[in-house]
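I have placed the structure first, in the form of structure tokens, so that the comments after it can refer back to it.
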Amino acid sequence: MTARAGHAPALDPASRSAALERLMPGYPAPRHWRRVPVTGQHYLDLGSGQPVLFLHGNPSWSYVWRKLLHRLSPHARCLAPDLPGFGLSRHLRPADGVPDPYEAQLEGLDILHRHLVRDKGLPERGWTFVLHDWGGPLGAAWALRNPGVVARLVVCNTVAFPFPDGFRLPFHLRWIRDHRPVAAFVHATNAFARTAVRAGVHRPLLPAERRALLRPTARRAERRAVTDAVRAIPRGPAAPAWRLLEPLGGGADLAELPLLVGWGMRDPVFTPALLEEWARRYPHADIHRFPDAGHFVMEDAAAELGDRIRDFLQGAP
């Protein structure tokens, strides 16, 4: 069949699949892509069984979970959203009075959870959250606001508590956070994301994988959430953002949840000192250190981490 004059020929399904694999190698096929009707938030939906929600950090998106999704979807219902403003999701327009990016993202998680329960038939409770980087404090804060929904936590190179005494962010993050001209330069050049896809792994990604991780921030107008997230990093233990991680009204806290920690020990930002704080605060945690993994532990240690999470899911809640 020939194309009409002036029109590109339509791609058959096999050609579309091959084109997507070239653009985003390893990313789940479009049959797993979903949208939240109210907000247009993009998420992946693979597998069946107990719900497992994967929350990425900054400057990544759901692409970073692709290896774990393929390993775990035979055992669970794996859901990986792009946080509003990241990946293939649009910015969420916060309601009047929403004061900061944390509240806007928590509102997005509220809407996502309601959609999955009401429209997709998922259970309201009994969820497992897998958290990384900025997704850590967001997921933990949401769990505390919605006691009983989250039954297990998996944390990967993130925090859900104020930085311990003596910990300092790397200077480049402090510069972006604290100096508007530096933040403007980083926003204009996409320097933060370009650095992260190289410095965040111990085993270099394939060039096509780096391009895929950077694709959503290729245009300057699509980087606002990345810059906003760095600017929102708390400046001290009294910062208002940390109060989001306090149990509401004396309710349950994270210490009551089964907790698996998978940590890349070569992370230049979330250093082993933060892992030791997890161990101190949550002595019941099942901790696994991956000595040859960086910040993106799900890239460097996908097989081992995936097996640990699979076993964790199959254990008693």
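Everything numeric here is computed off the predicted structure, so don't read it as measured data.
Salt bridge absent: Arg243 and Glu246 never bring a charged side-chain N and a carboxylate O closer than 4.0 Å. With salt bridges taken as basic N to acidic carboxylate O contacts below 4.0 Å, none links Arg266 and Glu299.
Every residue meeting the side-chain contact (heavy atoms from CB on, under 4.5 Å) condition with Ala273, not counting sequence neighbours, appears here in chain and number order: Thr271. For Pro216, the side-chain contact (heavy atoms from CB on, under 4.5 Å) partners two or more places apart in sequence, or in a different chain, are Trp61.
Judged by distance alone, the side chain of Tyr63 and the main-chain N or O of Pro25 form a donor-acceptor pair under 3.5 Å.
Within the structure, ring pair (Phe, Tyr, Trp, His ring centres under 6.0 Å) pairs that include any residue of residues 31-50 comprise Tyr27-Trp33, Trp33-His42, Tyr43-His115 (at least two apart or interchain). Within the structure, side-chain hydrogen bond (donor to acceptor under 3.5 Å, both in side chains) contacts touching residues 196-210 (residues at least two apart or in different chains) are Arg66-Glu209. Residue pairs that meet the side-chain hydrogen bond (donor to acceptor under 3.5 Å, both in side chains) test with at least one member in residues 183-193, sequence neighbours left out, are His187-Thr227, Asn190-Thr217. For residues 228-238, the side-chain hydrogen bond (donor to acceptor under 3.5 Å, both in side chains) pairs, not counting sequence neighbours, are Asp178-Arg235.
Residues Trp242 and Phe163 bring their aromatic ring centres within 6.0 Å.
No side-chain N or O of Arg310 forms a donor-acceptor pair with one of His75 less than 3.5 Å apart.
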Hey, mind stepping through Leu79 and Lys120 against side chain to side chain contact (heavy atoms under 4.5 Å, CB included) and telling me if it holds?
CA-CA 12 Å; Leu79 304 138; Lys120 297 299 181 181; over 6 Å; no
